Undergrad: 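Here it is: the structure, laid out below.
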There are 2 protein chains.
Amino acid sequence: MATLKVSSLGDYIREQRESAQVSLRQLAKSAGVSNPYLSQIERGIKKPSAEILQQIARGLRISAETLYVHAGILDERHEGGGDVVAAVLADPAIGDRHKRVLVDIYESFRAEHAAKEAVAKKATRSRTRKATGPVATKPHTTTRRTSS
Amino acid sequence: MATLKVSSLGDYIREQRESAQVSLRQLAKSAGVSNPYLSQIERGIKKPSAEILQQIARGLRISAETLYVHAGILDERHEGGGDVVAAVLADPAIGDRHKRVLVDIYESFRAEHAAKEAVAKKATRSRTRKATGPVATKPHTTTRRTSS
DNA sequence: CCCAAGTGCTAACTGGAGCAAGCACTCAGC
DNA sequence: GCTGAGTGCTTGCTCCAGTTAGCACTTGGG
């Protein structure tokens, strides 16, 4: 299972913030987190908890699940509408035990289907995967004042 | 937004562990967390991160999302959590035959759950809720040995 | 009875999440 | 030029997540 992707998460948050045309302090205030901490998150220095991500998502007016995917808390396959697992978990018409059983069956079906897809793909080979690029450089550098 | 529900999460994890008939140490080992920490989580003393929940879910062979719901990381009334049948039919990750099987199983679970609800309603007469204690009753009491 | 292996837990510890105080810098109004 | 308001960041701190060492207890085999 992938480790939590801190630096790409920070880039994404800063992207969303700048796209919404709000400052770091404004987002920090609406999200209810301190602005130095938000700065550290955006720069990939700190790894926020799911609770902090929920608050940031609320401040950005996006779904928390979007940030979860970037943080590695949720797998990308579960994001968005039509998600079977989310639908099952949210369904009040069945109990927890049934939910677990249904999700297990679904996952095994998915694995079976994926295996079949892999076999089918072997017949049509010659595909290359694109490597992901590094993180963006900082917008400006700061200079510390010499002590008086 | 709900705060993270630590004690109900712990109860659920212990429930799942005991249902799977594994000891605390066995689960801790398969999950890759320390057994005292797992004990603290189950007793509601510590609040685990999403990463730890992922590991525990893997050790229990259940989906991490199930634990996320109990931890309050995911909302049970998730926006994507719409109709289960529609989600299954729309899912490209499984084949048509699997879709029909899954829908059939789901419908039978719903019918079973509905029947149980009907029975439970007949038996219920102004029930009073039992107050939950801080921790579950201990199987044994510990006394610290006086230092030599 | 003894002992090894297993159980769940306590206590002390370390590292990191998250914050408050304060910094240098920019910009606009006076 | 000065000043206030805003910006993003640094530093030091507190508190908690998560681990290690070790405890009492149970159980089964020799």
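Lettering follows sequence order; numbering is per chain, from 1. For clarity, every value in this text was computed on a predicted model and none was experimentally measured.
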Undergrad: Tell me which donor-acceptor pairs under 3.5 Å the side chains of residues 23-30 of chain B have, and how far apart each pair is, sequence neighbours excluded?
TA:
from   : atom 1 : to     : atom 2 : distance (Å)
S23(B) : OG     : Q26(B) : N      : 3.1
S23(B) : OG     : Q26(B) : OE1    : 3.3
Q26(B) : OE1    : S23(B) : N      : 2.7
S30(B) : OG     : Q26(B) : O      : 3.3
S30(B) : OG     : L27(B) : O      : 3.1

Undergrad: How many whole angstroms separate atom CD of Q54(A) from atom P of dA17(C)?
TA: 18 Å
Undergrad: For the side chain of R14(B), starting at C-beta, report the closest nucleotide among dC9(C), dG8(D), dT10(D).
TA: dC9(C)
Undergrad: Using salt bridge (charged side-chain N to carboxylate O under 4.0 Å, His left out) as the criterion, list what pairs up with E107(B), not counting sequence neighbours.
TA: R110(B)
Undergrad: Could you work out, with salt bridge (charged side-chain N to carboxylate O under 4.0 Å, His left out) as the rule, every residue matching R17(B), not counting sequence neighbours?
TA: E42(B)
Undergrad: Would you indicate, yes or no, if dT7(D) has its OP1 or OP2 atom less than 4.0 angstrom from a side-chain nitrogen or oxygen of R17(A)?
TA: no
Undergrad: Between atom CD1 of I41(A) and atom CG of L67(A), what is the distance when rounded to the nearest 0.5 Å?
TA: 10.0 Å
Undergrad: Nearest heavy atom decides the nucleotide; on that basis, is L38(B) or R25(B) closer to the 5' end of DNA chain D?
TA: L38(B)
Undergrad: Whole Å only: how far is the NZ atom of K29(B) from the C1' atom of dT7(C)?
TA: 15 Å
Undergrad: Restricting to salt bridge (charged side-chain N to carboxylate O under 4.0 Å, His left out), what partner residues turn up for E18(A), sequence neighbours left out?
TA: none
Undergrad: dA17(C) P sits how many Å from E42(A) CD, rounded?
TA: 16 Å
Undergrad: Suppose we screen for side-chain contact (heavy atoms from CB on, under 4.5 Å). Which residues come up paired with S108(B), at least two apart in sequence or across chains?
TA: none
Undergrad: Out of dG8(C), dG8(D), dT7(C), which has the shortest distance to the side chain of L24(A)?
TA: dG8(D)
Undergrad: Which pairs, protein N/O on one side and nucleotides 18-21 of chain C N/O on the other, fall under 3.5 Å?
TA:
from    : atom 1 : to     : atom 2 : distance (Å)
dG18(C) : OP1    : S49(A) : OG     : 2.7
dG18(C) : OP2    : Y37(A) : OH     : 2.3
dG18(C) : OP2    : S49(A) : N      : 3.0
dG18(C) : O5'    : Y37(A) : OH     : 3.2
dG18(C) : N7     : K46(A) : NZ     : 3.3
dC19(C) : OP2    : S34(A) : N      : 3.2
dC19(C) : OP2    : S34(A) : OG     : 3.3

Undergrad: Given atom CD1 of I45(A) and atom P of dG8(D), what is their separation to the nearest angstrom?
TA: 15 Å
